[in-house]
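Down below is the structure, laid out as structure tokens.
We name chains A, B, ... by the order of the sequence lines, and we start the count at 1 in each one.
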Protein chains: 2
Amino acid sequence: MNKASDQTITSEISEKLINAIVNGEIAPGSKLSEPKLAQQFNISRGPLREAIRRLEGLNLVYHVPREGVKVVTLELKEIIEIYHVREALEGLAAGLAARNMEQKEIDELHKLLELHEQYIDDNGEYFRQEGDFDFHYKIIQGSKNQLLIKQLCHELYHLVRMFRYQTRKLKSRTQQALIEHKQLVNAIEQRDEQLAELLMRRHISRARENIESKWQENET
Amino acid sequence: MNKASDQTITSEISEKLINAIVNGEIAPGSKLSEPKLAQQFNISRGPLREAIRRLEGLNLVYHVPREGVKVVTLELKEIIEIYHVREALEGLAAGLAARNMEQKEIDELHKLLELHEQYIDDNGEYFRQEGDFDFHYKIIQGSKNQLLIKQLCHELYHLVRMFRYQTRKLKSRTQQALIEHKQLVNAIEQRDEQLAELLMRRHISRARENIESKWQENET
DNA sequence: TATTCATATTTTGTCGACAATAAGGTGTTT
DNA sequence: AAACACCTTATTGTCGACAAAATATGAATA
């Protein structure tokens, strides 16, 4: 179960903190108290501080010297910035995936499309959260660019998950997303790099526009 | 002089280590020994380890649990990955710069172009290293996207500088770069986002192709 | 000479402690 | 009642120490 915790407390605590922040158990804007967390996890402050330094690199918390560490807050401004970066990076990923993905991996994409379709019919829950992530993760992996994979799956996506969790009650555009996903898989299967990049960028760009317009409503 | 060191040893050591790695004082592939570094800097291992965790997030070192931390090595594979990511992110930056840069900032770009031109005439040294970075940094800053600025200026560019340092004897394509920089500033000044993005991507893409072909020569 | 095994040394991961700074609480003055 | 100053408490930044694991050393064997 503890796949990524590499035997060291720092890693283990890193993951726990990431999860706690991403799904709001530790509230956005709140301060991380070292003594409290150390006691809570039953560890000393050494590895805890190292874990926090790691979270800093993931942009989940920020550090004010001699004051402490606070969880980031995601306002519309931040969300737009995240989605702009995501659009650029995942566009690249889709293009590279069209070049480098193996047929076996493309088959798995098709399976995910089926699940997605089923979700819409059944009105299930899976695809509204995890399923979409699975789909995007698989394409990113298909790029075979290790740096890109790290920056997206192990950095930016924590922020995306955090945002999605905060807005989990809002209904997402699952129907339209399925159509766009299908086009995307098609382009990848045709090994059309440029089209794959364009479609992915448009897909994410539309998601951002959707967020922007919905944000207005909920604000007023 | 110590602008970024925010009063804490961890920050100070981080910067020193970054510089030492980027300009090869600590060799690529070599191991970072905690006791030796701690003694060398005259600090305890606590803040040193936190500084190293930070470098991990910058992709300058990687960590093998219970073995130690090693400096990354940049082979052609890594360089290509870096330049692919750079192309995507800096393309975005250029597009946003065309949208968000103030005239004052654009004027500064013109000044850098003049310096660049002068360099070619004088056969000077400045633009072959720092000048080019200044130019790109300024455009990235012009994007006004804080996340993007951090990912490029404070993360990816350390790797780019490290690579450039390793290949500093090789002559760069300064002449051609000037032409491309001029076009780019033009597009930004015209507020043509799409063109600015395209030109930046092509600029970086060509740099990558240049590297790829030269790498072959030096290998054999 | 090369290889294996046992021992000694170094290094990593973790802990608890201390000083300096920041935060919080109390009482006094206006 | 609000503002200020003072004192107490809590937290951060840093250090040195210890155990377990990994590496290096060297002897013994094939």
Side-chain angles (χ1 to χ4, degrees), chain A residues 1-21 25-73 154, chain B residues 1-18 20-21 25-73:
Chain A
M1 203 61 184
N2 52 350
K3 50 171 183 180
S5 62
D6 54 12
Q7 303 279 35
T8 127
I9 292 185
T10 301
S11 289
E12 195 190 321
I13 301 296
S14 286
E15 285 180 38
K16 286 186 183 169
L17 285 176
I18 290 171
N19 288 329
I21 290 173
E25 290 164 34
I26 304 179
S30 66
K31 185 184 163 184
L32 297 191
S33 161
E34 291 180 12
K36 273 175 196 151
L37 286 173
Q39 190 180 17
Q40 191 173 323
F41 289 117
N42 222 24
I43 56 170
S44 77
R45 281 175 53 227
L48 174 64
R49 282 174 65 93
E50 292 185 26
I52 291 177
R53 289 295 161 273
R54 177 129 175 274
L55 297 214
E56 250 187 285
L58 302 179
N59 296 312
L60 287 173
V61 302
Y62 61 94
H63 181 195
V64 185
R66 317 213 167 255
E67 280 187 26
V69 172
K70 285 197 183 135
V71 179
V72 296
T73 54
H154 304 325
Chain B
M1 204 58 184
N2 52 350
K3 51 173 182 181
S5 62
D6 55 13
Q7 303 278 32
T8 128
I9 292 187
T10 300
S11 290
E12 195 190 321
I13 300 296
S14 286
E15 285 181 37
K16 287 185 183 171
L17 284 177
I18 290 171
I21 290 174
E25 290 165 34
I26 304 179
S30 66
K31 185 182 163 186
L32 297 190
S33 160
E34 290 180 12
K36 273 174 195 151
L37 286 173
Q39 189 180 17
Q40 191 173 324
F41 288 118
N42 222 24
I43 56 170
S44 77
R45 281 175 52 225
L48 174 64
R49 282 175 65 93
E50 292 185 27
I52 291 177
R53 290 294 160 276
R54 178 129 175 274
L55 297 214
E56 249 186 286
L58 303 178
N59 296 313
L60 286 174
V61 301
Y62 60 94
H63 181 196
V64 185
R66 317 216 167 252
E67 281 188 25
V69 172
K70 285 195 182 137
V71 178
V72 295
T73 53

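As judged by a 4.0 angstrom heavy-atom cut-off over every strand, A:Leu32 is placed among residues touching the sugar-phosphate backbone only.
Atom C1' of nucleotide D:dA22 and atom NZ of B:Lys70 are separated by 12 Å, given to the nearest angstrom. Taking atom CG of residue B:Leu48 and atom P of nucleotide D:dG13, one finds them 16 Å apart after rounding to whole Å.
For A:Lys70, there are no salt bridge (Lys or Arg N to Asp or Glu O under 4.0 Å) partners at least two apart in sequence or on another chain. Every residue two or more places apart in sequence or in another chain that forms a salt bridge (Lys or Arg N to Asp or Glu O under 4.0 Å) with B:Arg53 is listed here: A:Glu50, B:Glu56. Residues forming a side chain to side chain contact (heavy atoms under 4.5 Å, CB included) with B:Pro35 (at least two apart in sequence, or on another chain): B:Ser33. When the side chain to side chain donor-acceptor pair (under 3.5 Å) test is applied to A:Ser14, the partners found at least two apart in sequence or on another chain are A:Arg54.
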Exercise for the section: Give the B/S/- string for nucleotides 13-19 of chain C, one per nucleotide from 5' to 3', where a protein heavy atom under 4.0 Å of the base yields B, of only the sugar-phosphate yields S, and otherwise -. Expected result: BBB-B--
Less than 3.5 Å apart, which donor and acceptor atoms pair up between the side chains of residues 25-32 of chain A and the rest of the protein, not counting sequence neighbours?
| unit_1 | atom_1 | unit_2 | atom_2 | d |
| --- | --- | --- | --- | --- |
| A:Glu25 | OE2 | A:Asn23 | ND2 | 2.9 |
| A:Ser30 | OG | A:Ala27 | O | 2.6 |
| A:Lys31 | NZ | A:Glu67 | O | 3.1 |

